[in-house]
Protein chains: 2
Amino acid sequence: MNKKVSLKDIAEQLGVSTALVSYVLNNKERKARVGDETVRKIRQLAASLDYQPNIIARSLQSGKTNTIGVIVADISNPFFSSIARIIEDEAMKRDYVVFFSSSDEDADKSKQLIDMFIHRGVDALIIAPSENTEKQIRRLIKQRFPLVLIDRYFPGSDYVVIDNFQASYNATNHLIQAGRNRIAMMAYDTGMEHMKERIRGYRTALKDNNIRFDDSWLITVSYQDLARHVRKAIKNITTPTLGVDGFIFATNSLAVLSLKVLISSGIRIPTHLAVVSFDESDAFDLFYPPVSYVRQSLYDIGKSAVDLALRRIKGESKGPQQIVIDARLVVRESSIMPPPLSNSPHYNV
Amino acid sequence: MNKKVSLKDIAEQLGVSTALVSYVLNNKERKARVGDETVRKIRQLAASLDYQPNIIARSLQSGKTNTIGVIVADISNPFFSSIARIIEDEAMKRDYVVFFSSSDEDADKSKQLIDMFIHRGVDALIIAPSENTEKQIRRLIKQRFPLVLIDRYFPGSDYVVIDNFQASYNATNHLIQAGRNRIAMMAYDTGMEHMKERIRGYRTALKDNNIRFDDSWLITVSYQDLARHVRKAIKNITTPTLGVDGFIFATNSLAVLSLKVLISSGIRIPTHLAVVSFDESDAFDLFYPPVSYVRQSLYDIGKSAVDLALRRIKGESKGPQQIVIDARLVVRESSIMPPPLSNSPHYNV
DNA sequence: TTGAAAGCGCTAACAC
DNA sequence: GTGTTAGCGCTTTCAA
């Protein structure tokens, strides 16, 4: 690595002070009333030396890093990586750069990541918070650290979410309208509000349709050792005796894992079991029949989160800012009976 | 934000110099021969003040940021986001943190990102390089900037890749053994070595099996406006007259897009068309029939990339380090004829 | 118009 | 054993 040129190099070569160079290169020559000729010389030398400011030094001085930390449950989950992509683009447009990290829904890891990012001097955090992280989050809020929650939330914070109750209610209602009345839901075993709301929406829809909820219908699985839990749960719930005829999955990962199990268990979708999931996935499109899902605008989530974060950084927003973005049910063949005699064209039968 | 405590604060309160505090808090009290009592006092006050070192200041001083920049084509592509997750974990273990960004296979954007990361002082870069970025990459290598390429490569650099020729050869050979002899390939229209190798493997396998290659079988699509290109290409190649009976997709995104088109076109897989893809995807598992694919160990890619990068940072490795990781063909039903009378159990027919 | 200098927080070479 | 000090590269106040 050849040594980088610094302000001082330019100043010395020109026989001026570093202050002048700094002013000019930050386009503050008007404010500092630098002489035209000096401005010209500095500009020219800087260009010919390909001067690049040292961002670290600037950060040390300013206390700002133009950096945003993003913490999601798992960046390899397409739902989060898609949001990450939007956040990346939006941040870049505004000259911010992004650290990504995964909490694995683990409160300890979350705390560690938050601390690490703060020590690194990120200007803001965008977090999909996990269970038992409320204290960490509250601490940040109290310190007035710029923070936006996504996907999940705690009351009183800045956040961007969907109306989970309504979305879940609609999904359940849709299954009922489609003729199902023994509808199960698989959700994460967590006290997080968004999950509880999804469950509440489901149960309320059942009730409003006079369907008596059966305890065995609500399956909650824990994030740890997920695949095994899902496998067991699906085996249980799909026995003929318990036999449910509709299923709502509270996240894409639950749906993907469950569908893999269902595939090998002889259950026909939607004939035996109508299916709706939250989130989206390529897998939902390629699965046959295509899976109905609750679509959240990932673009809106990412864009709004960055907007809010930057406004917080600039100190523009006052009270808690809470953004509820649209969620809409995309109905496809996994949740409605096919027309009689329909042939799925591309499968050998 | 309450003001952070600095070395100086501690030094002043204790009436010692910042140097001592620095030594102690960096566990260099032995080397600097600091008195036991002083050590104790410093440790205690630091703890009670919850002192956190300012990483920015340390970086300015050391010229190191403990930061790695990662540039992939698109972080929302599960292939890359899965690698990203591994990189994140491995980096974190070694106390590095990661910036992710997406080049969109665009050379200009790539250059911009590389420059930005360098200005930000990342200690190393891990890049899945795009077409026409060779000059940028060569420049970094010449400057001896720690750099590791993944997935794609230029000769003479540090990289982690699979044997693309062999993997493609095997995949093609597999289709031929499975009784296909009009085999198409869809690849990206790029001069990048990894793509050319995949194409070469395909063509060589045809040749070795005495199958005369037909120009129309090789479909190259450009990354821009991909969906449209794929749609058109699939429509063309699957007309009865041209009718191919096997298909190799050079990446997961090509396969996913193509399968979506195939689904709606009445083509039966594998009866009419046997399919193999590179990379992996949840969608390949949920598709029926499950898609055969060339599996690369994403773990090995990410882990090796971080290892190489850190060794470069530490100046441990000399000549170009090139790691070829295993790729293995996972054969599933999309590429082999089902047993007679087989019934796909879970689909209504 | 311009320059000197302080200081962001930390490290390390060099005295004492 | 302990302390001083000179920077790392930049911004910005204040004086000239």
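Throughout, a chain's letter reflects where its sequence line sits, starting with A, and its residues are numbered from 1.
- Between the CD atom of E12(A) and the P atom of dA4(C) there is a distance of 11 Å, rounded to whole Å.
- The aromatic rings of F99(B) and F117(B) lie parallel to each other, with less than 30° between the two planes, well short of the 60° mark.
- The distance between atom CZ of R58(B) and atom P of dC8(D), rounded to the nearest whole Å, is 19 Å.
- Distance I42(A) CD1 to dT1(C) P: 14 Å, rounded to the nearest Å.
- Atom P of nucleotide dA6(D) and atom CG of L60(B) are separated by 17 Å, given to the nearest angstrom.
- One can place CD1 of I56(A) at 11 Å from C1' of dC8(D), the figure rounded to the nearest angstrom.
- In this structure, N66(A) contributes its side chain and Y96(A) its backbone to no donor-acceptor pair below 3.5 Å.
- Across all strands, K64(B) comes closer than 4.0 Å to no nucleic acid atom at all (heavy-atom distances).
- The existence of a salt bridge linking R43(A) and E29(A) is confirmed by a sub-4.0 Å separation between a basic side-chain nitrogen and an acidic carboxylate oxygen.
- Residue N27(B) qualifies as enclosed at atom CG: its count of foreign heavy atoms under 6.0 Å is above 12.
- If you take NZ of K8(A) and P of dC10(D), they are 11 Å apart, rounded to a whole angstrom.
- What separates OH of Y23(A) from P of dC10(D) is a distance of 15 Å, to the nearest Å.
- One can place CD1 of I10(B) at 12 Å from P of dT11(C), the figure rounded to the nearest angstrom.
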